[in-house]
Amino acid sequence: SNASSVKVQISIEPDLNKVMKIIYENNHEIYLGGLLETISDTLKKYGDKITCYSVEAYKDEQKNCPNAKYNLVEDGFIRTKALCDNTDCVVMTPGGTGSLAEFYAVLEEYRYQKTHKKIYILNFENYYDDLITNLKRLVQDSFNGEDTFNYIEEVDIEKLELIMKEGYYE
């Protein structure tokens, strides 16, 4: 079954709702790779500021946020490139293989471009501890340079709110 139609097994829904509210209330556009059913009420509330890039396999997600700008793209590569190019930063919340693929693709694009952009990792319930450990190992074993961490910051919701209010991502 499609990822967005499955109920998430960790209790992140209240935190995702807070994240959406912070971004929305600080007058930022929200670009999503998917429209999770678990936060569909929040998506509907903030839909006028949401742009979603999705692929054919997930086109049914549009019902979760009918007032969002919805772009059906050819494949996941185009979706990830659109998210990378059209945003000032990426806020990473728990997700599946698509989220991880997007994380690594965006990280590499930022590194190639030597951009000022960052990926903010919201590590709810230590969900991304293994990812962070893996990145440290890649640097330790010299597969990646220390600059890898110039583009990543682990944040909590309070820090994210400060970033969005102060525009530290700019």
Side-chain angles (χ1 to χ4, degrees), residues 3-4 8-24 26-36 38-39 49-55 57-58 71 73-170:
S4 59
V8 178
Q9 298 301 309
I10 62 174
S11 58
I12 62 171
E13 185 175 343
D15 292 320
L16 288 176
N17 289 330
K18 285 181 198 173
V19 168
M20 297 290 284
K21 183 178 180 187
I22 289 167
I23 294 171
Y24 184 85
N26 286 285
N27 204 31
H28 299 291
E29 293 283 325
I30 302 166
Y31 288 79
L32 300 172
L35 297 171
L36 290 173
T38 55
I39 59 167
K49 289 228 176 202
I50 294 174
T51 299
C52 180
Y53 293 94
S54 194
V55 294
Y58 299 131
N71 300 294
V73 295
E74 192 173 321
D75 59 45
F77 296 112
I78 294 170
R79 176 175 90 166
T80 301
K81 183 75 170 137
L83 289 170
C84 188
D85 290 347
N86 296 320
T87 59
D88 294 317
C89 66
V90 170
V91 178
M92 186 159 177
T93 60
T97 54
S99 296
L100 289 172
E102 288 168 355
F103 168 79
Y104 282 112
V106 170
L107 175 59
E108 284 305 293
E109 191 64 21
Y110 285 2
R111 290 179 67 224
Y112 298 149
Q113 294 176 4
K114 301 214 182 294
T115 182
H116 64 281
K117 296 180 180 184
K118 279 200 175 205
I119 302 169
Y120 296 103
I121 300 173
L122 286 161
N123 196 10
F124 299 131
E125 297 185 18
N126 302 311
Y127 191 82
Y128 284 122
D129 283 358
D130 291 339
L131 172 71
I132 294 164
T133 298
N134 177 256
L135 290 168
K136 289 176 181 175
R137 176 75 189 263
L138 291 171
V139 171
Q140 174 189 324
D141 291 347
S142 300
F143 286 104
N144 283 74
E146 292 282 339
D147 72 320
T148 299
F149 289 99
N150 294 345
Y151 306 99
I152 303 165
E153 185 175 343
E154 186 177 357
V155 298
D156 57 20
I157 289 180
E158 292 76 24
K159 175 77 184 250
L160 178 67
E161 186 169 18
L162 183 63
I163 290 165
M164 291 296 126
K165 282 182 180 175
E166 302 297 324
Y168 289 149
Y169 57 86
E170 295 176 344

Side-chain heavy atoms of [X] within contact of [Y], under 4.5 Å:
X	Y	value
Val155	Ile121	no
Glu102	Arg79	yes
Phe149	Lys136	yes
Leu100	Tyr128	yes
Leu135	Leu107	yes
Tyr104	Leu131	yes
Ile157	Phe124	yes

Supply the atom-to-atom distance [X] [atom1] to [Y] [atom2], rounded to the nearest 0.5 angstrom.
X	Y	atom1	atom2	answer
Met164	Lys21	CE	NZ	16.0 Å
Glu108	Phe103	CD	CZ	9.5 Å
Met92	Ile152	CE	CD1	9.5 Å
Thr93	Tyr120	OG1	OH	15.5 Å
Gln140	Glu146	CD	CD	10.5 Å
Arg111	Asn144	CZ	CG	4.5 Å

Next on the checklist: Tell me the closest heavy-atom pair linking Val139 and Gly145, and the distance in Å.
Outcome noted: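 For Val139 and Gly145, the tightest heavy-atom pair comes out as CG2-O, 3.5 Å.
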
Item to check | From Leu122, Ile132, Ile119, residue fulfilling side chain to side chain contact (heavy atoms under 4.5 Å, CB included) relative to Glu154 | outcome: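 Per the side chain to side chain contact (heavy atoms under 4.5 Å, CB included) rule, the option paired with Glu154 is Ile132, out of Leu122, Ile132, Ile119.
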
Checklist entry - Is a side-chain donor or acceptor of Asp141 paired with a backbone partner of Phe143 at a separation under 3.5 angstrom? => result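 Not at all, since once roles are kept as given, no pair shorter than 3.5 Å links the two residues.
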
Item to check | Donor-acceptor contact below 3.5 Å, side chain Lys117 vs main chain Cys84 | outcome: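 Between the backbone of Cys84 and the side chain of Lys117 there is a qualifying donor-acceptor contact (under 3.5 Å).
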
Checklist entry - Which residues pass the salt bridge (charged side-chain N to carboxylate O under 4.0 Å, His left out) test with Asp85, sequence neighbours left out? => result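 For Asp85, the residues satisfying salt bridge (charged side-chain N to carboxylate O under 4.0 Å, His left out) (neighbours in sequence not counted) are Lys81.
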
Next on the checklist: Before you tell me yes or no, could you show the steps for Val19 and Leu160 under side-chain contact (heavy atoms from CB on, under 4.5 Å), namely the whole-Å CA-CA distance, both residues' side-chain angles and the distance that decides it to 0.1 Å?
Outcome noted: CA-CA 8 Å; Val19 168; Leu160 178 67; 3.9 Å; yes

Checklist entry - Can you name the side chain to side chain donor-acceptor pair (under 3.5 Å) partners of Asp129, sequence neighbours left out? => result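 Testing Asp129 for side chain to side chain donor-acceptor pair (under 3.5 Å), a comparison that skips the adjacent residues, returns Asn123.
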
